Structure formats: C-alpha cells, structure tokens
Protein chains: 2
Amino acid sequence: MSIKMLSTNTVGEKLRNLREEQKLPLRKVAALLDIDVAILSKMERGERKITKEIVLKLANIYKYNADELLVSFLSDKILYEIQDEALGIEALKLAEERVKYMKGGDGE
Amino acid sequence: MSIKMLSTNTVGEKLRNLREEQKLPLRKVAALLDIDVAILSKMERGERKITKEIVLKLANIYKYNADELLVSFLSDKILYEIQDEALGIEALKLAEERVKYMKGGDGE
DNA sequence: ATCTTAATTGACATAAAGTGTCAAAAATAA
DNA sequence: TTATTTTTGACACTTTATGTCAATTAAGAT
C-alpha cells in the first residue's frame with residue numbers, strides 16, 4: 001500500500017479531521033507520536049502507510065473511538081487490494097464467508 | 001503477502017488440485033508459464049505470492065473458469081490483510097459499502 | 001531394493017518497495 | 001511582511017520480494 005486513491009473517508013482523512021477539529025498542529029501530534037512531521041503529514045494524506053500502532057495512539061490522543069478508526073484503517077487496506085477489480089465485490093463476499101467459516105469450524 | 005495461513009481453499013490449493021486432476025507435472029506447467037518449477041511449487045503452497053497474471057494463464061492452461069480463480073485469488077489477499085483482526089468482519093462490511101458507494105456516486 | 005521423475009527446500013544475488021531524516025519550498029495565518 | 005504550519009522531494013538505509021540454481025527429499029515404476 002501507501003498510495004492513495006481510496007475515494008473518500010480514508011483513515012487518513014478521518015485522522016486529519018480529528019486533528020483539525022482539535023486545532024492541533026502536525027508538529028505537536030508528531031511530537032506526541034515521536035515521529036517526523038513529514039511522515040504524519042504524508043500518512044494523513046495517504047502517501048505513507050499508516051500502521052495499526054499509530055492509529056491506536058491517535059485514537060488515544062484525540063480521545064476518539066479506537067475501533068471505528070481501526071475498522072476504517074482495515075477497510076482501507078482491503079479496498080486497496082481490490083482497486084479497479086471488477087470482481088471486487090464477489091471477492092469481499094467470499095472473504096466474508098471464509099472468515100465466518102474459520103471462526104465456526106476448528107478454523108485454520 | 002506471501003506467507004500462508006489462510007485456512008483452506010486458497011487459490012494455491014485450487015491451482016494445485018487442478019494441476020493434479022490433469023496429471024500435469026510442475027515441470028510442464030512451469031514451462032508453459034515460463035517460470036521456474038520452484039516458484040510454481042511455492043506459489044501453489046502459498047510460500048510465494050501469486051500474481052493475477054499467473055492466475056489467468058493457469059485458468060487458460062487448465063481450461064477452468066478464470067473469474068472463480070480470480071475471486072479466490074483476491075479473497076486470499078483480503079483475508080491476508082485482516083488476519084487475526086478482531087474487527088475483520090466489520091472492516092469487510094465497511095469495505096463493501098464503500099465499494100458500492102464508489103460505483104454509485106461519481107466515485108473517483 | 002534401485003532407478004527415475006517429481007517436488008521441495010534453502011542459499012544466493014538482484015530488484016523493488018518501504019522507512020526515517022532532513023532541508024527547502026509552498027501555503028496559511030498574524 | 002514575518003512567523004508558523006504544511007508539503008515536497010532527495011537521500012541513505014532497511015526490509016521484503018523476485019529469479020536462479022543446486023541439493024535434498026519424496027513418490028512411482030520396475
């Protein structure tokens with residue numbers, strides 16, 4: 001991953017909105033995360049991969065629902081995989097079935 | 001990707017089954033694909049990434065439904081992304097909504 | 001059992017993708 | 001304008017992926 005093109009509502013956008021709502025400059029948040037401002041800037045805009053760890057830390061910093069951000073984060077990664085694929089939806093449905101199956105039977 | 005652990009019915013397994021049903025040795029199929037036997041062997045067992053291109057070529061070689069294999073291939077990639085994630089199913093559902101939304105609106 | 005073919009494994013070199021750091025340029029606010 | 005924030009790109013470095021090959025292991029035939 002790392003490039004964007006995931007239409008709207010990426011985790012990056014959500015995280016940027018949260019930060020702006022709280023009037024926090026990249027500088028401060030990056031300091032809290034102990035990463036470079038440039039990286040945080042790129043993460044928010046989808047130019048760099050966001051990690052699960054960063055998402056969780058930001059949920060904590062912004063006092064925002066971590067699960068919602070995680071789901072958004074994961075769905076970004078999923079959407080990235082099926083970009084431009086005509087069979088994307090079928091693949092999603094099959095993946096869903098397989099996940100449920102794994103949980104049900106003595107999975108894996 | 002590249003490592004396995006995707007439970008059953010990976011594309012790799014399907015491709016191996018197809019090859020064995022037709023009694024074709026790796027050697028011959030690899031030759032048709034113009035790749036090394038070792039690579040094909042690893043692809044079938046999920047040790048190496050399979051590419052969309054290879055999947056399509058194999059569908060053709062085995063005279064098997066290409067879409068089914070592609071969906072299997074894509075769902076492998078999806079499942080890989082949400083491995084061990086408690087919120088995997090939620091992420092899949094959100095991804096599905098987002099795909100539909102993209103197709104509907106003047107999605108980008 | 002041997003002989004033969006098929007399949008797997010691991011080492012290696014190379015290529016590609018991702019990462020962190022920094023400074024300069026661009027945008028925004030005061 | 002000046003000050004601050006944000007974006008951009010270059011760079012060195014690391015990690016991951018890829019292709020090639022040889023050696024090992026497994027399977028089948030006789």
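Letters A, B, ... mirror the listed sequences (proteins, then strands); counts begin at 1. None of the values given here were measured: they were computed from a predicted structure.
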Query raised in the report: Roughly how many Å is it from CG in B:Leu33 to C1' in D:dT18, rounded to a whole number?
Result: 16 Å

**Report entry** D:dT5 OP1/OP2 closer than 4.0 Å to side-chain N/O of A:Arg19
**Finding:** no

Report task. Could you point out which residue of A:Asp76, A:Asn9, A:Thr10 forms a side chain to side chain donor-acceptor pair (under 3.5 Å) with B:Arg98? Result -> A:Asp76

Query - For atom CD1 of A:Ile54 and atom P of C:dT19, their distance in whole Å - result: 11 Å

Query raised in the report: Hey, does the side chain of A:Arg27 come within less than 4.0 Å of D:dT4's phosphate (OP1/OP2), counting only N and O?
Result: no

Query raised in the report: Charged N to carboxylate O under 4.0 angstrom, B:Lys77 versus B:Glu81?
Result: no

Query - Shortest side-chain distance from A:Pro25, nucleotide among D:dT20, C:dT8, D:dT5 - result: D:dT5

Report task. Quick one: do A:Glu97 and A:Leu94 satisfy side-chain contact (heavy atoms from CB on, under 4.5 Å)? Show the steps, please. Result -> CA-CA 5 Å; A:Glu97 281 175 32; A:Leu94 177 55; 4.3 Å; yes

Report task. Rounded off to whole Å, could you give me the CD-to-C1' distance for the A:Glu20 and D:dT7 pair? Result -> 14 Å

Query raised in the report: How long is the line joining CG of B:Asp34 and C1' of D:dT18, in whole Å?
Result: 15 Å

**Report entry** Length of the NZ-P vector between B:Lys49 and D:dT16, whole Å
**Finding:** 12 Å

Query raised in the report: Is A:Lys100 paired with A:Glu96 through a side-chain N to carboxylate O contact shorter than 4.0 Å?
Result: yes

Query raised in the report: Atom CD of A:Glu44 to atom P of D:dT8: distance rounded to whole Å?
Result: 13 Å

Report task. Could you check how far OH of A:Tyr80 sits from C1' of C:dG18, rounded to whole Å? Result -> 12 Å

Report task. Remember a base hit wins even if backbone is also touched, and classify B:Ile39 as base, sugar-phosphate or nothing at under 4.0 Å, heavy atoms. Result -> base

Query - Length of the line joining A:Lys28:NZ and D:dT6:P, which is rounded to integer Å - result: 11 Å

**Report entry** Straight-line distance of B:Leu26 CG to B:Ile39 CD1, nearest 0.5 Å
**Finding:** 12.0 Å

Query - Nearest to side-chain heavy atoms of B:Lys42, which nucleotide of C:dT9, D:dT7, C:dT8 - result: C:dT9

Query raised in the report: Between B:Arg48 and D:dT18, does any side-chain N or O lie under 4.0 Å from OP1 or OP2?
Result: no

**Report entry** Distance below 4.0 Å between A:Ser41 side-chain N/O and D:dT6 OP1 or OP2
**Finding:** no

Query raised in the report: Which comes earlier along DNA chain D counting from the 5' end, the contact point of B:Thr51 or that of B:Ala38, where each point is its nearest nucleotide?
Result: B:Thr51

Query raised in the report: So, is A:Arg45 close to the D:dT6 phosphate, meaning a side-chain N or O under 4.0 Å from OP1 or OP2?
Result: no

Query - Toward the 5' end of DNA chain D, by each residue's nearest nucleotide, B:Asp36 or A:Leu24 - result: A:Leu24

